[in-house]
Amino acid sequence: MDRILIQGGVPLRGRIEISGAKNAALPAMAAALLTEEPLELDDVPDVADVGTMRRLLQMLGVETRHPAGHPHRLVLHCPQVIDTTAPWDQVRRMRASVLVLGPLLARAGEAKVSLPGGCAIGPRPIDLHLEGLRRMGAEIELFGGYVHARAPSGLRGAVIRFPKPSVGATENLMMAATLARGETVIEEAAQEPEIVDLARCLVAMGAAIEGAGTSTIRIEGQQRLRGARHRILPDRIETGTYVMAAAITGGELELVGGRLELLGAAADRLAEAGVRLEPTPEGLRASRADGGLVGTDVMTMPFPGFATDLQAQFMALMCIAEGAAMITETIFENRFMHVPELARMGARITVHGATALVRGVPKLHGAPVMATDLRASVSLVLAGLAAEGETEIHRIYHLDRGYERLDQKLAAVGARIERRG
Ligand code: UD1
């Protein structure tokens, strides 16, 4: 199994191209199920999760291809839905597989999607997706580990108020509503930039959507959607991760295509923590401020709050900051699996429930560590880049799910990083 070896202590310098956002690409790919015409997506990142979604869509009847010479352009074409089942083996690999539920139901009138079950970062149920679809007239039953959903006479518009915002549920319902009869209103909708990006894609396909990016989204259902071309927005989590790679190594990186406004509150917390961030004509530049890194408290929140997907990386940064930082995770349970691994590298962290208290140390030390989920793994990479000596990271398939050519991008800016089989 592949592992990554890092010799730490090199300040990173240079430019890194930011890829398209994985979390925007996955729902946009699922949207191809909504029309019999081709959907052309640009800036689709070459990551394992995109491959998983592609295989699932192919099983459902979507032809997919990369036009020659355009590795990041993906054309998806679903003349007819040939199967309406998302099997356990796909959903188990990637929870975002449940994003085919809304589109399948809207286009084919039925869907059978495996329940995702538990995952490393908590139970992560899909009750909000199902309740919303029920309100739109779907009949939903759970048996044999599967969601069986039917809408024999089509979906109808409804007012859906979530008890709390969910990115995936907002996306599933927004897609389902594009082909429902009448108007759907989603209240307490998620406001993440990936929601806005999906809405742009759907509007290009002929959907009528207002309010994406606010807490209330209105969708007027259409008879049919058409093909379109859409460019996926840059990955804000990849951007934030490389911002912290610059800061933790005391280097300076220009992140080409990165956009400051997509970082939301994380941009302010990073600035407080001693990270200099400035826009450039092509993206943004990140470095460590003269005063050095300073312990800074953060609490994860839905966008525009501090992203849970940047929590582990921020914790790595705080490990070598001056003073202490209190990091509170409010979105997912059990999202501190990087803590014991960081501790093996010399970090001083105490966890109480959903809060981790990080007391900064002058240096981390390289060690063999284990990746546990996508963002936890990359926090170990950051720690390894800053640590003295060698860090060996195992189970890096987690990294490949969401970071395009991570080792190559880092090596190109000076990191001594190597992948070994
Ligand atoms: C998406 C992102 C993930 C990110 C997360 C939060 C994708 C592919 N993944 O995940 O990287 O960490 O948003 O920004 O875009 N919940 C329920 N019932 C539901 C759905 C969610 O209780 O039916 C809970 C979850 O357990 C969690 C919270 O709501 O506590 C938010 O989850 P959600 O926004 O749905 O996350 P995902 O869409 O799974």
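Each ligand, and each atom within it, is numbered from 1 in the order the structure gives. None of these values were measured; they are calculated from a predicted model.
Minimum interatomic distance between Tyr242 and Leu255 (heavy atoms only, all atoms of both residues): CB-CD2, 3.6 Å. Nearest heavy-atom pair, Ala347 versus Leu364, reported as atom, atom and distance to 0.1 Å: N-CD2, 3.7 Å.
In this structure, Glu194 has no heavy atom closer than 4.0 Å to ligand 1. Contact analysis leaves Gln311 out of contact with ligand 1, as no non-hydrogen atom separation drops below 4.0 angstrom.
With a heavy-atom cut-off of 4.0 Å, Arg95 touches ligand 1 through its side chain alone. Proximity of Thr308 to ligand 1, defined as any heavy-atom pair under 4.0 Å, is confined to the side chain (atoms from C-beta onward). Heavy atoms of Leu128 found under 4.0 angstrom from ligand 1 belong to the backbone as well as the side chain.
Thr52 and Gln90 are not linked by any side-chain donor-acceptor pair at a separation below 3.5 angstrom, with hydrogens and angles left out of the test. Between Thr241 and Gln313, the side chains place a donor N or O and an acceptor N or O closer than 3.5 Å (distance only, hydrogens not considered). Donor-acceptor pairing under 3.5 Å is recorded for the side chains of Thr64 and Gln58.
With distances taken over non-hydrogen atoms, the option nearest atom 24 (C) of ligand 1 out of Glu171, Arg375, Lys164 is Lys164. Taking each of Asn172, Ile331, Val98 in turn, the one with a heavy atom nearest to atom 27 (C) of ligand 1 proves to be Ile331. Atom 2 (C) of ligand 1 has its nearest heavy-atom neighbour, among Asn23, Thr330, Asp127, Ile126, in Asn23.
Counting atoms of ligand 1 from 1 in the listed order, those under 4.0 Å from a heavy atom of Val167 are 1 (C), 13 (O), 33 (P), 34 (O), 35 (O), 38 (O). Near Gly168, with a cut-off below 4.0 Å to any heavy atom, the atoms of ligand 1 are 35 (O), 38 (O). Short contacts between ligand 1 and Arg335, defined as distances under 4.0 Å to a heavy atom of the residue, involve ligand atoms 12 (O).
When each of His72, Arg73, Arg54 is paired with His66, the side-chain hydrogen bond (donor to acceptor under 3.5 Å, both in side chains) condition holds for Arg54 and for no other.
Checked against a 3.5 angstrom limit, the closest N/O atoms of Leu26 and ligand 1 fall outside it. On a distance-only criterion, Lys22 and ligand 1 share no N/O pair closer than 3.5 Å. No N or O atom of Phe332 sits closer than 3.5 Å to an N or O atom of ligand 1. The shortest N or O to N or O distance between Asp309 and ligand 1 is below 3.5 Å. Between Ala169 and ligand 1, not a single N/O pair is under 3.5 Å apart.
With salt bridges taken as basic N to acidic carboxylate O contacts below 4.0 Å, none links Glu17 and Lys409. Salt bridge absent: Glu392 and Arg420 never bring a charged side-chain N and a carboxylate O closer than 4.0 Å. Under a 4.0 Å N-O distance rule, the pair Glu37/Arg226 does not qualify as a salt bridge.
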Exercise for the section: Determine, stepwise, if the pair Arg401 / Tyr397 fulfils side-chain contact (heavy atoms from CB on, under 4.5 Å). Expected result: CA-CA 7 Å; Arg401 288 190 50 190; Tyr397 53 85; 5.7 Å; no
